[in-house]
Amino acid sequence: MKRTALCDLHIASGARMVEFAGYEMPVQYPLGVMKEHLWTRENVGLFDVSHMGQVILRGKNVKSALESILPVDVLSLAEGTQRYGMFTTKEGGITDDLMFANWGDEIFMVVNAGCKEQDFAYLKASLVDCDVSVIEDRSLLAIQGPKAREVFARMVPDAVKMTFMQSLKFEWQGIELWVSCSGYTGEDGYEVSVPNDHAEAFANALLAFDEVEWIGLGARDSLRLEAGLCLYGHDIDTTTTPIEASLNWAIQKVRRFDGERAGGFPGADIILPQFVNKAARKRVGFLVEGRAPVREGAEIVDATGQVKGVVTSGGFSPTLSQPIVMAYVSTPALDAGESLFANVRGKSIPLTLAAMPFVASRYYRG
């Protein structure tokens, strides 16, 4: 297994390490998943996400080239800001989701750990006139929670002015930090790229504050589920289109039918018609009756037992104190308002359709 630059620090902090996307990663710390989750909702959670892929794109026409392979608006993205995007196939499926930032002459991109090698190869093959520089010498940490802004300001004062989806560079003790005002918990906070040889000192400086605790992959997953956010390989993959995944918002009007730069990306002829002609299924959220969690793979059925969908993410919500799931369900069943159930070992557990995010996001927009 590969190790991040912070692996020894995790072990010294009492983390239980597991394999994840080819890396030895902390799934939880002595605090435990439930308390780590609630700590992040109330204070500041520190996450090592260095297994993610970081890459910088450069070139005279890099923005138009990137827009040709993403279904989102790249050209209009303001400098110093970032945007959510995805790579799509000619069949309309999703090969990965990602974040990319406009740094003027450069584009900084973060992709998922399990997909990064294929993503890097795809970028190099697609952006033939651009430089694709994979970043191997930097770690990535997420600082998340309602007190993240005040805590990080003690180290980087100017970061307190950042608003959601800004991406800027700062200095800390002479070290260049790449800071985005974002994360994957639904909370306010930052993701910070720091050189590997300074990652441990940076993490320890944050952990010295009483408000900050290490948070593992277990709580990261329950936090992103409460935030209604997709996990690649579970809620989205090559068999799901962005519209089926309820990611319509991620495709700006300029790239849709009648938009100034409509289509032109892989799968556009499959994806764009779904804005008008409903997709056969849709990703939705449900509250689960009772206390028993419903897990990925459970069938969604109607009152007669007919299968109407499948759960792609599920678990117990520590914030709501009840189980929640995300699932793909047939559009006709949703339109008809049918009573739906999760089939768990032959037992039908009632579900209540819920708006996502399940827990209100607290992104700072200024």
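We number each residue from 1, following the sequence as shown. FYI, side chains are in, hydrogens and waters are out, and symmetry mates aren't considered; it's all heavy atoms of this structure.
- Side chain of T331 to backbone of A279: a donor-acceptor contact under 3.5 angstrom is found.
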Counting only pairs under 3.5 Å, give me each side-chain donor-acceptor contact of residues 172-185, with atom names and distances, residues two or more places apart or in other chains.
residue : atom : partner : partner atom : Å
E176    : OE1  : W178    : NE1          : 2.9
S180    : OG   : S182    : OG           : 3.0
S182    : OG   : Q82     : NE2          : 2.8
Y184    : OH   : C230    : O            : 2.7
T185    : OG1  : Q144    : OE1          : 2.8
T185    : OG1  : E187    : N            : 3.1

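- Note: F164 and Y364 fail the aromatic proximity criterion, with ring centroids not under 6.0 Å apart.
- Judged by the 6.0 Å and 45° rule, R83 forms no cation-pi pair with F100.
- Atoms CD1 and CD, from I300 and E338 in turn, are 12.5 Å apart once rounded to the nearest 0.5 Å.
- To the nearest 0.5 angstrom, L272 atom CG is 9.0 Å from R256 atom CZ.
- A salt bridge links R154 to E150: at least one charged side-chain nitrogen sits closer than 4.0 Å to a carboxylate oxygen.
- Under the 6.0 Å cut-off for aromatic ring centres, F47 and W214 do not qualify, their centroids lying 6.0 Å or more apart.
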Should E200 and S139 be marked as a side chain to side chain contact (heavy atoms under 4.5 Å, CB included) after you check the CA-CA gap, both sets of side-chain angles, and the distance that decides it?
CA-CA 10 Å; E200 193 165 310; S139 298; over 6 Å; no

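- The pair D129-K60 does not count as a salt bridge, with every side-chain nitrogen at least 4.0 angstrom from each carboxylate oxygen.
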Test salt bridge (charged side-chain N to carboxylate O under 4.0 Å, His left out) on E19 and K2; report intermediate values, then the result.
CA-CA 9 Å; E19 187 278 333; K2 298 177 183 177; over 6 Å; no

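- Judged by distance alone, the side chains of Y232 and D237 never bring a donor and an acceptor atom under 3.5 Å apart.
- Under a cut-off of 6.0 angstrom, the local environment of NZ in K282 is sparse, with at most 12 non-hydrogen atoms contributed by other residues, nucleotides or ligands.
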Indicate every side-chain donor-acceptor pair of residues 117-126 with a distance under 3.5 Å to a residue at least two apart or in another chain.
residue : atom : partner : partner atom : Å
Q118    : NE2  : T95     : O            : 3.2
S126    : OG   : Y122    : O            : 2.8

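- Side chains of R220 and T40: no donor on one and acceptor on the other come within 3.5 Å.
- When the salt bridge (Lys or Arg N to Asp or Glu O under 4.0 Å) test is applied to R138, no partner is found at least two apart in sequence or on another chain.
- A donor-acceptor distance shorter than 3.5 angstrom exists from the side chain of R255 to the backbone of L70, with no hydrogens or angles considered.
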Evaluate the criterion salt bridge (charged side-chain N to carboxylate O under 4.0 Å, His left out) for residue pair D258 and K253; output intermediate values, then yes/no.
CA-CA 8 Å; D258 300 324; K253 289 182 180 180; over 6 Å; no

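- Taking the six-membered ring for Trp and thresholds of 30 and 60 degrees, W103 and F108 have nearly parallel ring planes, at less than 30 degrees apart.
- Classification of R261 and D73 as a salt-bridged pair holds, one side-chain N sitting under 4.0 Å from a carboxylate O.
- Within a 6.0 Å sphere centred on NZ of K35, other residues, nucleotides and ligands contribute 12 heavy atoms or fewer.
- Remark: Y23 pairs with no residue by the ring-ring contact (aromatic ring centres under 6.0 Å, His included) rule, at least two apart or across chains.
- The neighbour count for K161 NZ, taken as heavy atoms of other residues, nucleotides or ligands under 6.0 Å away, does not exceed 12.
- For R58, the salt bridge (Lys or Arg N to Asp or Glu O under 4.0 Å) partners two or more places apart in sequence, or in a different chain, are E106, D131.
- Taking the centre and axis of the six-membered ring of Y328, the NZ or CZ atom of R281 falls inside the cone set by 45° and 6.0 Å.
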Working note: R362 + D188, criterion salt bridge (charged side-chain N to carboxylate O under 4.0 Å, His left out); need CA distance, chi angles, decisive distance, verdict.
CA-CA 6 Å; R362 294 193 278 195; D188 185 27; over 6 Å; no

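- Qualifying side chain to side chain donor-acceptor pair (under 3.5 Å) partners for S313, counting only residues two or more places apart in sequence or in other chains: R224, D235.
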